[in-house]
Amino acid sequence: MRKALLSLLFIISLTASAQNDTGKTGVQTDTVQTNAGVGQDNSATPKIDIRPADDANISNILALTKEIEKRKAKQKREAYIRIGIGILFLVILVIGLMRRKKK
């Protein structure tokens, strides 16, 4: 009984969610291309000379790379400090356990 009911529900859910191939959506490719501006000739747009901005961009990129290097060096130094503190606590733990065994 349960298997029959589950199979019936499964078949109903499959047929209810099936897609219909009765017609197309009605969107024409020509109107989509004209709305997107694909078929237009863009050769009339003026060319912009960006050479004066290149120097500013290069200097900004160099400054950014210096800042990144400084940050990486700081993170590396902080990592070494954390590792050192961890080793220090490990040594303290070992010394404490050795003293406990002697008692």
Side-chain angles (χ1 to χ4, degrees):
M1 181 67 183
R2 284 186 184 177
K3 289 182 181 179
L5 182 62
L6 286 175
S7 62
L8 180 66
L9 287 175
F10 182 69
I11 291 171
I12 290 173
S13 66
L14 284 178
T15 58
S17 64
Q19 295 180 355
N20 295 333
D21 289 336
T22 57
K24 295 191 176 191
T25 59
V27 178
Q28 297 176 356
T29 58
D30 293 337
T31 56
V32 172
Q33 286 180 352
T34 55
N35 288 340
V38 173
Q40 296 177 355
D41 185 20
N42 292 330
S43 63
T45 58
K47 303 293 181 185
I48 299 172
D49 187 22
I50 56 170
R51 293 195 186 261
D54 286 345
D55 294 333
N57 287 338
I58 290 172
S59 64
N60 287 338
I61 289 172
L62 292 175
L64 180 65
T65 54
K66 285 181 184 178
E67 289 295 322
I68 289 172
E69 289 174 0
K70 286 180 186 177
R71 183 171 36 115
K72 283 184 180 181
K74 183 179 178 183
Q75 287 176 346
K76 191 175 185 179
R77 186 174 56 246
E78 289 175 353
Y80 286 143
I81 290 172
R82 288 189 184 112
I83 290 171
I85 290 172
I87 291 173
L88 178 70
F89 282 133
L90 181 65
V91 169
I92 292 172
L93 176 68
V94 169
I95 291 172
L97 289 175
M98 289 176 65
R99 290 186 72 201
R100 190 175 234 183
K101 284 184 180 180
K102 289 182 182 177
K103 288 184 179 181

Next item on the list: Enter the distance from Arg100:CZ to Ile95:CD1 here, rounded to the nearest 0.5 Å.
Entry: 15.0 Å
Note to self: Could you see if Ile85 belongs to whatever hydrophobic cluster contains Ile92? Use Ile, Leu, Val, Met, Phe, Trp, Tyr and a side-chain cutoff under 4.5 Å.
What the structure shows: yes
Next item on the list: Could you tell me the separation between the NZ atom of Lys76 and the CD atom of Glu69, rounded to the nearest 0.5 Å?
Entry: 12.0 Å
Item checked: Result of checking Lys72, Arg77, Arg71 against Lys74 for side-chain contact (heavy atoms from CB on, under 4.5 Å) -> Arg77
Item checked: Same apolar cluster: Ile58 and Ile61, side chain cutoff 4.5 Å -> no
Notebook entry, point to check: Side-chain contact, heavy-atom cut-off 4.5 Å: Asn60 with Leu64?
Noted result: no
Margin query: For the CG atom of Asn57 and the CG atom of Leu62, what is their distance to the nearest 0.5 Å?
Written below: 11.0 Å
Note to self: For a 4.5 angstrom cut-off between non-hydrogen side-chain atoms, does Leu97 reach Lys101?
What the structure shows: no
Checklist line | Hphob cluster co-occupancy, Phe89 + Ile81, side-chain heavy atoms under 4.5 angstrom | finding: yes
